[in-house]
Participant: 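Here it is: the structure, laid out below.
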Amino acid sequence: FFMEMNTRLQVEHPVTEAITGQDLVAWQLRVAFGEPLPLQQSDLRIQGHAIEARICAETPDKNFLPATGTLQVYRKPAAVSFERGVVRVDDGVREGDAISPFYDSMVAKLIVHGDTRDQALARLDAALAEVQIVGLSTNVQFLRHVVRSPSFAQANLDTALIERERAVLFDQDPIGLPMAVAALAACLTQNTSDQGHDPFAAQDGWQAWGENRRYLDVSYLGQDHQAILTYGRDGLRLQVGEVHGPLQVRALDDGLDVSFAGQRHTLRADMVGETAHVFAGHGATQITLRDALMHAGEHQELGGRLTAPMPGKVVSFAVKAGDAVKQGQVLAVMEAMKMEHTLVAPDDGTVDELLYAPGDQVAEGAALLKLSTAQ
């Protein structure tokens, strides 16, 4: 048997390989076979700069909670795999695979090499822009914010980087509401090309005279908005709040050319259910088309329940039925993707019932216990 151990081969070994020109995996196999090290320390030379980004299934804006799901879309930049190159992607997944809660959250490693640090940073940002994943939350956009942050660019690095650069690392809107709605509208109009030649199946808003309006209720970055898409004889027009004007959409071989309100972007937009996942060179986002009837009643109060923030295993409960608890008191511990997460009481109250037992697997949003609050 051959065992890989962190003490022998780190996850970051591609960075060392990139700047030394050596294949450390081959070295390890040779040493395991009884051969001596191929080179001495004095024989090694550092060439340029290399940076590795770990692409993980997690939600940075929710304190990096692990995420699970299916890789419905998985696009990568042009790169080599498991060998030295300017851009290298090492992974073990492909489009259609499921990311489960039973293993590490890392989906892939993206490694770039350049003659200078600035060149390596530029190549990393460009390569991350071409990583497009739909089906689960990832840290790809967070990594792009890190690469662009002043501290990282200047190699001013320490364990306080995330807190120090919080303003530029989180809650960023790289696309903007008007262009996000324009991308969604582009998706809706382009989808008509897949409906064949049946005029009764068409959803392009055509009518014999006048013009037709479609009201779009959308959810974007946690806020609800309404837009109006007008199908006129002279083409499409879009209104988003006070912003309005012609909407021009042109299909490209690898995406869409979208022009609206003085902005023009080449982007890809993948419509999954009601949500459009928008990828542009300067950032990515998602916007959801909301059907009022479909979502009626979904915002009912949860009542006194403590719910699982992610799918995983219940490790332990720190309370039992009948216990009085204070806000912030530890109630349970869950495990997902090799990490433990502590869940605390949202309010003062009394535990009515434990709904699971240690060792049980639970889905995201599952109620773990019932709690009568003092409010």
Side-chain angles (χ1 to χ4, degrees), residues 59 61 69-70 72-75 129-138 140-141 144 171-195 201-207 211-232 234-296 298-299:
T59 308
D61 288 341
T70 300
Q72 297 170 331
V73 174
Y74 181 41
R75 303 188 188 100
E130 296 185 53
V131 177
Q132 300 172 3
I133 296 176
V134 174
L136 69 161
S137 177
T138 71
V140 172
Q141 294 309 305
R144 294 195 70 188
D171 301 322
Q172 296 297 308
D173 182 5
I175 302 295
L177 175 64
M179 184 51 65
V181 176
L184 172 63
C187 271
L188 297 176
T189 58
Q190 288 298 307
N191 284 348
T192 62
S193 62
D194 299 327
Q195 295 167 358
Q203 300 177 27
D204 56 6
W206 183 89
Q207 58 186 36
E211 58 185 24
N212 186 35
R213 288 185 174 185
R214 181 173 182 179
Y215 292 86
L216 307 176
D217 291 307
V218 301
S219 177
Y220 183 65
L221 299 181
Q223 299 292 323
D224 292 337
H225 306 272
Q226 187 178 76
I228 303 173
L229 178 62
T230 303
Y231 300 84
D234 56 347
L236 297 169
R237 295 197 306 277
L238 184 62
Q239 179 177 345
V240 185
E242 299 300 320
V243 181
H244 58 87
L247 171 64
Q248 297 178 337
V249 181
R250 183 167 62 93
L252 305 174
D253 290 339
D254 60 347
L256 299 172
D257 181 84
V258 179
S259 178
F260 174 62
Q263 297 186 60
R264 182 176 179 179
H265 294 301
T266 298
L267 51 84
R268 298 196 67 145
D270 296 281
M271 198 78 183
V272 179
E274 299 172 281
T275 299
H277 300 261
V278 184
F279 301 95
H282 55 286
T285 191
Q286 60 187 51
I287 181 169
T288 300
L289 180 66
R290 298 186 60 80
D291 184 321
L293 292 177
M294 181 177 294
H295 297 282
E298 72 174 15
H299 295 300

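Position 1 is the first residue of the sequence; numbering continues from there. Keep in mind it's a predicted model, so treat the numbers as computed, not measured. Quick note: numbers below take in every heavy atom, side chains included, and nothing from hydrogens, waters or symmetry partners.
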Participant: Please report the shortest heavy-atom distance between Ala180 and Thr285, naming the atom on each side.
Facilitator: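 Heavy atoms of Ala180 and Thr285 come nearest at CB-CG2, 4.5 Å.
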
Participant: Which heavy atom of Pro246 sits nearest a heavy atom of Phe260, and at what distance?
Facilitator: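 Where Pro246 meets Phe260 most closely, the heavy atoms are O-CD1, 3.5 Å.
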
Participant: With rounding to the nearest 0.5 angstrom, report the CG to CD distance, Leu221 to Gln223.
Facilitator: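 Going from the CG atom of Leu221 to the CD atom of Gln223 covers 8.5 Å.
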
Participant: Specify the closest pair of heavy atoms between Gly281 and Ala129, including all atoms of both residues, with the distance to one decimal.
Facilitator: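 Looking at all heavy atoms of both residues, the shortest contact is O-CB, 3.8 Å.
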
Participant: Do His282 and Ile175 make a side-chain contact, defined as non-hydrogen atoms from C-beta onward lying under 4.5 Å apart?
Facilitator: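 Touching, per the 4.5 Å side-chain cut-off.
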
Participant: From Glu274 CD over to Arg290 CZ, what is the distance, rounded to the nearest 0.5 angstrom?
Facilitator: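 Answer rounded to 0.5 Å: 8.0 Å.
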
Participant: Is there a side-chain contact between Arg214 and Leu188, using heavy atoms and a 4.5 Å cut-off?
Facilitator: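 Yes, close enough: below the 4.5 Å cut-off.
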
Participant: To the nearest 0.5 Å, tell me how far Tyr215 OH sits from Ile228 CD1.
Facilitator: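 Separation between the atoms: 4.5 Å.
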
Participant: Would you compute the distance between atom CZ of Arg264 and atom CZ of Arg250 and round it to the nearest 0.5 angstrom?
Facilitator: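 Arg264 atom CZ to Arg250 atom CZ measures 6.0 Å (nearest 0.5 Å).
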
Participant: Going by distance alone, is a donor N or O of one side chain under 3.5 Å from an acceptor N or O of the other, for Thr59 and Ser137?
Facilitator: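 Result is yes, a qualifying pair exists.
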
Participant: Within the structure provided, determine whether Asp217 and Asp224 are in side-chain contact (heavy-atom separation under 4.5 Å).
Facilitator: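 In short, these two side chains do not touch, never coming nearer than 4.5 Å.
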
Participant: Between side-chain atoms of residues 266-273 and protein atoms elsewhere (two or more places apart, or another chain), which donor-acceptor pairs fall under 3.5 Å?
Facilitator:
residue : atom : partner : partner atom : Å
Asp270  : OD1  : Arg75   : NH2          : 2.8
Asp270  : OD2  : Arg75   : NH1          : 3.1
Asp270  : OD2  : Arg75   : NH2          : 3.2

Participant: Can you tell me how far CG of Leu256 sits from OG1 of Thr189, rounded to the nearest 0.5 angstrom?
Facilitator: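 If I round to the nearest 0.5 Å, the distance is 7.5 Å.
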
Participant: Checking Gln248 side chain against Ser259 main chain: does a donor-acceptor pair fall under 3.5 Å?
Facilitator: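 Checked: no pair found.
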
Participant: Contact between Leu184 and Tyr220 at the side-chain level, heavy atoms closer than 4.5 Å - yes or no?
Facilitator: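 They are not in side-chain contact.
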
Participant: Are any of the side-chain heavy atoms of His265 and Val258 separated by less than 4.5 Å?
Facilitator: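 Of all side-chain heavy-atom pairs linking Val258 with His265, none is under 4.5 Å.
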
Participant: Atom CZ in Arg237, atom CG in Leu247: separation rounded to 0.5 Å?
Facilitator: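 Here the interatomic distance stands at 11.0 Å.
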
Participant: I'd like to know if the side chain of Glu130 and the backbone of Gln132 have a donor-acceptor N/O pair within less than 3.5 Å.
Facilitator: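 Pair absent, no side-chain N/O of Glu130 close to backbone of Gln132.
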
Participant: With sequence neighbours left out, write down each residue that passes ring-ring contact (aromatic ring centres under 6.0 Å, His included) with His277, or none if nothing qualifies.
Facilitator: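 Per chain and number, His277 pairs via ring-ring contact (aromatic ring centres under 6.0 Å, His included) with no residue.
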
